[in-house]
Number of protein chains: 2
Amino acid sequence: MAEKISLINDLKERGLRVTPQRAIILEAIEKLSGHITAEDIFALVQKSSPYISLATVYRTLDLLKELGLITESHMGTGTTHYALMTHGPHHHAVCRKCNRSIELPHDAFMPLVEKLHSEYNFIADANHVVILGWCQECQPED
Amino acid sequence: MAEKISLINDLKERGLRVTPQRAIILEAIEKLSGHITAEDIFALVQKSSPYISLATVYRTLDLLKELGLITESHMGTGTTHYALMTHGPHHHAVCRKCNRSIELPHDAFMPLVEKLHSEYNFIADANHVVILGWCQECQPED
DNA sequence: TTATCTGCAAACGATTTGCGGCAGC
DNA sequence: GCTGCCGCAAATCGTTTGCAGATAA
């Protein structure tokens, strides 16, 4: 319940303004959990205040990205998806068909991340990996 | 040396035409190894035949995608990257800084893919996963 | 010949930006 | 009141598409 306060405080601490638009957009992002697009946020935001523009949604998303509060991911489609960076690194398995997303714990990726480091000297930026595929209900039957 | 013939044969077998444009584009894709963009191909192709249009490059890429000869991946940027699907499923670790890409064997991902299946009943479409991060030479020193 | 390809230029969807006005601090 | 923010509309970027003419088979 007090979650959104922390987002707002983050803005204040950086000397950024807390405008009604930003507050509404932050609230919408929290309400829409999982992978959401700028349009998703825009659509929800419009219901409470129809005068908030799409450009502002994008500008706010940029801001949150810089503050490290959300992560961006690009799946098959041309549209960028965003997700709240609430509780440390986590990942998603996203269904190609129904778009449902399953949250995966970070440790599912640890062996891979460690292997990359030890064998390839590669530091994976595995804060939010997205794996595409098919969920239980949408699996090709053949 | 005879590699490109097989791509061309693939086209013929499906009753598709082997036009000079397609031959040139295929050659360019082979020459530019790793993750390439449509623009990369276009730029190279222009050198040998300036009259090939960008639309044709995109159309040929679509074709190769359908034939399963290339894979598409979306990294941080808005642009789509393509890679030749030469020898079965494989993956790439791509450096955020220098863009160098390290090819990873499929079995590095097997444990993860199996875990997704057994624990989440999720079938991962892990033909070509891209992991972003930093390579040995570009690692942040902090 | 004839269905498939091509080039061109216009359309497209997602995102960004310039600008004049507005409003948190 | 200053500075950062907003809404608007136009610009941009990557990609797709309609159409009429060209060409591989």
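Naming convention: chains lettered A, B, ... in sequence-line order (proteins, then strands); numbering from 1 in each chain.
- What separates CZ of A:Arg14 from P of C:dC25 is a distance of 17 Å, to the nearest Å.
- In terms of phosphate contacts, B:Gln21 brings no side-chain nitrogen or oxygen within less than 4.0 Å of OP1 or OP2 of D:dA24.
- Following rounding to the nearest Å, A:Asp62 (CG) and C:dA14 (P) show an atom-to-atom distance of 17 Å.
- Annotation: the span from B:Leu116 atom CG to B:Asn121 atom CG amounts to 10.5 Å, rounded to 0.5 Å.
- Rounded to whole angstrom, the span from the CD atom of A:Glu72 across to the P atom of C:dT16 amounts to 8 Å.
- Distance A:Lys65 NZ to C:dT16 P: 6 Å, rounded to the nearest Å.
- Ring geometry for A:His91 versus A:Phe109: interplanar angle of 30 to 60°, hence tilted.
- Neither OP1 nor OP2 of C:dT16 sits under 4.0 Å from any side-chain N or O of A:Tyr58.
- Base engagement by A:Arg59 is indicated by at least one non-hydrogen atom pair under 4.0 Å involving a base atom.
- Checking D:dA9, C:dA9, C:dG24 against every side-chain atom of A:Arg17, the shortest atom distance belongs to C:dG24.
- The phosphate of D:dG7 (OP1 or OP2) has a side-chain N or O of A:Thr56 nearer than 4.0 angstrom.
- Residue order along DNA chain D, read from the 5' end via each residue's closest nucleotide, puts A:Pro50 first among B:Lys12 and A:Pro50.
- Considering only side-chain atoms of A:Pro20, the nucleotide from C:dG24, D:dC8, C:dT15 that sits closest is C:dG24.
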Audit row: B:Ile29, B:Leu61, side chain to side chain contact (heavy atoms under 4.5 Å, CB included) steps and yes/no: CA-CA 10 Å; B:Ile29 292 174; B:Leu61 286 171; 4.0 Å; yes
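- Contact check on A:Arg59 versus A:Asp62 returns no salt bridge, with no Lys/Arg side-chain nitrogen under 4.0 Å from an Asp/Glu carboxylate oxygen.
- One finds the CD atom of A:Glu27 at 16.0 Å from the CZ atom of A:Arg22 (value rounded to the nearest 0.5 Å).
- Side-chain N/O atoms of B:Arg22 include one lying less than 4.0 angstrom from OP1 or OP2 on C:dC5.
- Following rounding to the nearest Å, B:Gln46 (CD) and C:dC8 (C1') show an atom-to-atom distance of 14 Å.
- Rounding to whole angstrom units, CG of residue B:Leu61 and C1' of D:dT15 are separated by 11 Å.
- Among the atoms of the strands shown, only primed sugar atoms or phosphate atoms (P, OP1, OP2) are found under 4.0 Å from some heavy atom of A:Thr80.
- Contact annotation for A:Leu16: backbone-only contact, meaning every heavy-atom pair under 4.0 Å involves sugar-phosphate atoms and none involves a base.
- Between C:dT6 and B:Thr19, a contact under 4.0 Å exists linking OP1 or OP2 to a side-chain N or O.
- Taking atom CG of residue B:Leu63 and atom C1' of nucleotide C:dT4, one finds them 11 Å apart after rounding to whole Å.
- With rounding to whole Å, B:Ile36 atom CD1 is found 12 Å from D:dT15 atom P.
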